[in-house]
Amino acid sequence: MAQAAAVAKPPAPPRRRRTSATPRRLPYLLIAPAAVLMLGFIAYPVLSVFYYSLQEYNPTKPWRNGFAGLDNFVRIFTDDPLFWDSLVFSAKWVFVEVGLQLLFGLALALIVNQTFVGRGLGRALVFSPWAVSGVLTSAIWVLLYNSQTGITRYLADVGIGSYGTSWLSDTGTVFWAAIVADLWRGVPFFAILILADLQSVSKDLYEAAEVDGASRIKQFWHITLPHLKDAIILSTLLRAVWEFNNVDLLYTLTGGGPAGVTTTLPLYVASTSVESHNFGYASALTTVAFVILLFCSIVYLRLSKFGGENK
């Protein structure tokens, strides 16, 4: 009986091997050094700006340094007309620049998306300005706008305008002169992103639309544009932030002039910190600019329904 019971007893289940937690933690361990570096190089400067925005800090006047509380922010909103002027110009600059860059970038993307002889060379020429640095772009356009050797001299040779005219020193033309210079470099950014998204549009949709008798305009409006929605939203948001923070081109072309008419908020921050050494007040201006950009970005993404289904 004992032997029969021993035979009938079911075998014990196999023991589970304890899996080590190291393989699961390995990805986090690998990215930990990069995360620490990013925390140090990004988080620390941002927190420092917030800290100094509450301070009166000017190295040239150390006897006045100390905790200022919200005095810097009160001064910004109640006793600083330059802040409001620079903010209004920044909004105007961003709206015009991003709108024109999107319009021309979309047109270029649609053109180079077509099949034609030399399309590869055409795409390279269209995208090449984006590979040029901002400082070099500024240097190129400073030479082009030079009153002695630039565009205005050749226009004067054919009877358009007068010799010695400088578009960058005239308050009536400086805005559009700077707009054109930045368009040359900014349009390829939109063209690249939009063209990349155009490549993923199924040709079957266009063929079906043609069978149904849809015109090119209707195909663009009901097929191409809805497909490009997220790409357009993301690219305009990124470019708006970059244009708001544009310093190198405007600083090199105009320096904020003439008469301060091209001074953006970042240029005003740079002038306050570098030239006036008022780092506490400049930090407060930077904090205000950060809050404005954050608020506008959130509202823009909510209103545009980024990532939602296209109807």
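As the structure is a computational prediction, the values presented were derived from the model and not from experiment.
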Is there a path of hydrophobic side-chain contacts, each under 4.5 Å between heavy atoms, that joins [X] and [Y]?
X	Y	value
Leu70	Ile292	yes
Ile179	Leu102	yes
Trp84	Phe73	yes
Ile194	Leu125	no
Leu26	Ile31	no

Quick check: closest heavy atoms across [X] and [Y], and the distance to 0.1 Å?
X	Y	value
Leu253	Leu168	O-CD1, 3.7 Å
Ala231	Asp197	CB-OD2, 3.5 Å
Val261	Pro258	CG2-O, 3.0 Å
Ala289	Leu265	CB-CD2, 3.7 Å
Thr173	Ser166	OG1-O, 4.5 Å
Ala68	Glu56	CB-N, 3.8 Å

Does the pair Leu250 and Thr263 meet the rule for a side chain to side chain contact (heavy atoms under 4.5 Å, CB included), with working shown? CA-CA 8 Å; Leu250 283 173; Thr263 300; over 6 Å; no
Indicate yes or no: at least one non-hydrogen side-chain atom of [X] is less than 4.5 angstrom from one of [Y].
X	Y	value
Ile76	Val288	yes
Pro45	Phe41	no
Phe127	Arg123	yes
Val201	Thr224	no
Thr137	Asp182	no
Leu183	Gln101	yes
Leu144	Trp167	no
Ser133	Leu136	yes

Just wondering, more than 12 heavy atoms not from [X] lying within 6.0 Å of its [atom1]?
X	atom1	result
Phe77	CZ	yes
Tyr44	OH	no
Leu37	CG	yes
Arg119	CZ	yes
Tyr251	OH	no

Roughly how far apart are [X] [atom1] and [Y] [atom2], rounded to 0.5 Å?
X	Y	atom1	atom2	answer
Glu207	Leu205	CD	CG	9.5 Å
Leu228	Leu110	CG	CG	7.5 Å
Leu87	Leu82	CG	CG	12.5 Å
Tyr145	Ser169	OH	OG	12.5 Å
Ile232	His227	CD1	NE2	10.5 Å
Leu285	Ser53	CG	OG	10.0 Å

Donor-acceptor side-chain pairing of [X] and [Y] below 3.5 angstrom:
X	Y	value
Asn246	Glu97	no
Ser276	Asn278	no
Thr152	Ser147	no

Aromatic plane relationship, Tyr57 with Tyr52 - under 30° parallel, 30 to 60° tilted, over 60° perpendicular: tilted
In terms of relative ring orientation, are Phe175 and Trp93 parallel, tilted or perpendicular, with 30° and 60° separating the classes? perpendicular
With no hydrogens and no angle check, is any side-chain donor or acceptor of [X] less than 3.5 Å from a backbone partner on [Y]?
X	Y	result
Arg75	Asp80	no
Thr252	Ser138	no
Thr287	Ser283	yes
Asp212	Ala214	no
Asn113	Leu195	no
Thr149	Asn146	no
Asn245	Val241	yes
Thr262	Gly257	yes

Please list all pairs meeting salt bridge (charged side-chain N to carboxylate O under 4.0 Å, His left out) that have one or both residues in residues 241-262, counting only residues at least two apart or in different chains.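 As it turns out, the salt bridge (charged side-chain N to carboxylate O under 4.0 Å, His left out) pairs with a partner in residues 241-262, which skip direct neighbours, are Arg239-Glu243.
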Can you check side chain to side chain contact (heavy atoms under 4.5 Å, CB included) on Ser304 and Ile233, steps first, answer last? CA-CA 7 Å; Ser304 61; Ile233 293 173; 3.5 Å; yes
Any pair counted as ring pair (Phe, Tyr, Trp, His ring centres under 6.0 Å), so long as it reaches residues 252-304, sequence neighbours left out: Phe50-Phe290
Is the distance from the ring center of Phe190 to that of Phe104 below 6.0 Å?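 No, the ring centres sit 6.0 Å or more apart.
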Run the numbers on Trp242 and Val98 for side chain to side chain contact (heavy atoms under 4.5 Å, CB included), then give the verdict. CA-CA 10 Å; Trp242 294 342; Val98 175; over 6 Å; no
